[in-house]
Amino acid sequence: MVSSAFRRVAHVCVYPVRKASSVSRGHQHPALGSRPAASGFAARGAPGGVLELLGQSYPQDDYSNLSRKVLSCVGRNLHNQQYHPLWLIKERVKEHFYKQYVGRFGTPLFSVFDNFSPVVTTWQNFDSLLIPTDHPSRKKGDNYYLNQIHMLRAHTSAHQWDLLHAGLDAFLVVGDVYRRDQIDSQHYPVFHQLEGVRLFSKHELFAGVKDGESLQLFEQSSRSAHKQETHTMEAVKLLEFDLKQTLTRLVTHLFGDDLDIRWVDCYFPFTHPSFEMEINFHGEWLEVLGCGVMEQQLVNSAGAQDRIGWAFGLGLERLAMILYDIPDIRLFWSEDERFLKQFRVSDISQKVTFQPLSKYPAVINDISFWLPPENYTENDFYDLVRTIGGDLVEKVDLIDKFEHPKTHKTSHCYRITYRHMERTLSQREVRRIHQAVQEAAVQLLAVEGRF
């Protein structure tokens with residue numbers, strides 16, 4: 001499921017763009033403080049270029065926009081790394097569904113898939129989910145494209161249609177997803193989602209309902225705020241009740257009893273009606289997941305015309321940051337033993353409260369430049385900063401915009417906060433990184449420096 005919040009152990013050899021006739025060399029990260037050539041910052045499309053990723057080769061074109069930083073994360077699969085906090089959340093959700101929902105033969109009702117490749121087609125990521133061709137979520141500035149046909153999935157929903165088409169009617173999908181976004185303690189270009197889907201036949205949905213045999217799943221009427229044009233009100237209300245009850249049980253399992261929950265109406269292209277769940281945690285209302293009744297057109301196209309269903313999606317980082325009191329999303333990628341050992345528990349349900357590592361001082365530098373006349377997006381700059389500065393960059397804030405009264409050129413000023421999670425950074429090494437950012441912005445983004 002896609003939402004604003006509904007919206008990493010295998011080592012993978014990742015190669016940069018190469019000419020088809022050339023020999024690939026494993027990519028080496030520059031030493032801290034070194035200044036790599038601008039051409040190494042991103043795997044941009046090049047005529048005849050080929051990107052090798054996860055054992056497959058992908059021809060490059062003008063859609064290709066994968067950064068070196070993002071490529072280094074592909075294949076880390078933190079959600080499958082035992083005792084990693086994201087693994088703990090995944091296992092707790094799996095345990096709950098395995099115990100609560102059992103099939104006719106005593107086996108788990110929900111199948112779990114947590115090892116799908118993150119490389120999908122644009123059809124899987126968008127078209128299969130009924131996302132319009134002009135929808136802003138398709139923008140190159142918001143996604144990581146290998147080429148015009150292939151991309152790194154922006155949500156685990158990219159696998160939904162294929163699983164329904166294969167005949168599955170209850171499943172969970174867990175995986176890493178990729179989106180170009182701002183830089184702060186809550187956002188990272190790679191995060192992890194868990195998706196759930198369940199379909200019901202007429203008999204399954206109305207079983208136990210008085211005179212249920214006379215009720216129907218489908219009708220031809222008009223769409224309203226409460227239902228789709230092909231669904232009966234009785235079917236939608238039962239489905240909505242089952243969905244909300246399922247998710248209330250899940251968050252109660254994770255957070256404990258006496259949890260205040262509220263539902264907020266929202267919009268997703270592939271569910272209607274759609275909802276976001278918010279929980280009151282330590283006196284603050286927090287959005288934790290998104291869900292809804294699946295669009296029947298999607299279900300029908302996958303070959304399940306006689307069923308209706310619900311779907312939900314949640315972010316593992318979001319839940320882990322709340323449950324374990326983890327303050328910075330970069331910590332999930334840390335290999336610092338002081339962080340990892342805190343989650344080696346004998347019971348996956350054991351309460352863990354993260355004990356902060358020593359917070360080393362920040363080093364702050366500003367950068368200002370005139371924007372080019374066209375083809376500039378803030379996400380391009382954020383991607384460039386992440387690629388050069390890596391996880392030394394804590395956040396980037398746009399602190400000033402200025403339009404020259406005569407030339408009408410626009411200037412942006414960004415404040416970059418650098419902070420190492422394990423030691424103190426020196427002004428000298430930060431200066432080298434910051435200068436590399438300045439040079440790359442001029443070379444790759446065609447900005448005019450004011451530094």
Side-chain angles (χ1 to χ4, degrees), residues 1-2 7-18 20 24 26-27 42-46 48-81 86 90 112-129 131 135 137-166 168 171-181 188-195 270 302 313 315-317 333 379 383 386-387:
M1 297 292 292
V2 175
R7 220 121 6 357
R8 287 175 178 213
V9 200
H11 176 74
V12 174
C13 195
V14 177
Y15 297 90
V17 175
R18 63 174 173 86
S24 300
H27 192 83
R44 305 292 177 181
V50 174
L51 177 68
E52 295 183 7
L53 184 60
L54 300 177
Q56 299 293 320
S57 298
Y58 300 93
Q60 304 295 278
D61 57 31
D62 58 1
Y63 254 69
S64 308
N65 66 348
L66 295 187
S67 67
R68 187 184 65 216
K69 170 64 179 176
V70 167
L71 283 172
S72 72
C73 297
V74 177
R76 288 282 299 275
N77 298 326
L78 298 187
H79 63 288
N80 288 335
Q81 182 177 335
L86 300 183
K90 181 195 75 170
V112 177
F113 302 90
D114 61 6
N115 204 31
F116 285 147
S117 169
V119 179
V120 297
T121 65
T122 53
W123 187 90
Q124 289 174 298
N125 199 80
F126 299 119
D127 301 272
S128 73
L129 298 167
I131 298 175
H135 196 273
S137 66
R138 290 178 178 255
K139 289 192 304 183
K140 183 178 174 181
D142 291 342
N143 299 284
Y144 289 104
Y145 286 92
L146 282 72
N147 52 43
Q148 196 165 3
I149 298 174
H150 295 92
M151 64 185 296
L152 296 179
R153 62 188 169 211
H155 42 213
T156 48
S157 304
H159 304 287
Q160 195 177 104
W161 189 94
D162 293 314
L163 292 172
L164 292 173
H165 190 64
L168 280 77
F171 53 84
L172 304 177
V173 181
V174 194
D176 44 338
V177 299
Y178 299 77
R179 296 187 200 163
R180 305 179 79 199
D181 212 334
Y188 205 77
V190 192
F191 58 103
H192 297 75
Q193 283 188 337
L194 186 148
E195 166 117 358
F270 38 88
L316 295 185
E317 281 87 349
W333 295 90
N379 281 345
D383 232 21
R386 279 201 190 275
T387 300

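Between L316 and F191, every side-chain heavy-atom pair lies at or beyond the 4.5 Å cut-off. Considering only heavy atoms from C-beta on, V177 stays 4.5 Å or farther from V190 through its side chain. By the 4.5 Å heavy-atom criterion applied to side chains, Y178 and V74 are counted as neighbours. Residues T122 and Y63 fail the side-chain proximity criterion, which asks for heavy atoms closer than 4.5 Å.
In terms of modelled atom types and a separation under 3.5 Å, the side chain of R180 and the main chain of K140 share a donor-acceptor contact. Checked by atom type and distance alone, the side chain of D142 never pairs as donor or acceptor with a backbone atom of R138 at under 3.5 Å. For N77 (side chain) and N115 (main-chain N/O), no donor-acceptor pair under 3.5 Å exists by modelled atom type. Remark: side-chain polar atoms of S157 are not paired, donor with acceptor, to backbone N or O of Q160 under 3.5 angstrom. N65 places no side-chain N or O within donor-acceptor distance of the main-chain N or O of G141, the cut-off being under 3.5 Å.
Qualifying side-chain contact (heavy atoms from CB on, under 4.5 Å) partners for D162, counting only residues two or more places apart in sequence or in other chains: Q124. When the side-chain hydrogen bond (donor to acceptor under 3.5 Å, both in side chains) test is applied to R386, no partner is found at least two apart in sequence or on another chain. With sequence neighbours left out, V112 forms a side-chain contact (heavy atoms from CB on, under 4.5 Å) with K94, Y98, L172.
T156 and L194 get closest at one heavy-atom pair: OG1-C, 4.4 Å. Shown here for L164 and L168, the closest heavy-atom pair between the two residues is CD2-O, 3.6 Å.
Taken to the nearest 0.5 Å, the NE2 atom of H79 stands 9.5 Å off from the CG atom of L86. Considering CD1 of I131 and CG of N125, their distance stands at 6.5 Å, rounded to 0.5 Å. Atoms CG and OH, on N147 and Y145 in that order, are 11.0 Å from each other to the nearest 0.5 Å. A distance of 5.0 Å separates SG of C73 from NZ of K69, quoted to the nearest 0.5 Å. Atom OG of S64 is separated from atom NE2 of H150 by 11.5 Å, given to the nearest 0.5 angstrom. Here the CH2-CG distance, from W161 to L129, works out to 11.5 Å after rounding to the nearest 0.5 Å.
Classification of the F171-F113 ring pair by plane angle, with boundaries at 30° and 60°, yields perpendicular. In this pair, H155 and F126 present their aromatic rings perpendicular. The plane angle is above 60°, beyond the 30 to 60° band.
Between the side chains of D383 and Y144, at least one donor-acceptor pair of N or O atoms lies under 3.5 Å.
For H135, the NE2 atom sits in a packed shell: over 12 heavy atoms of surrounding residues, nucleotides or ligands are nearer than 6.0 Å.
Just one of K90, R76, R153 meets the salt bridge (Lys or Arg N to Asp or Glu O under 4.0 Å) condition when paired with D176; it is R153.
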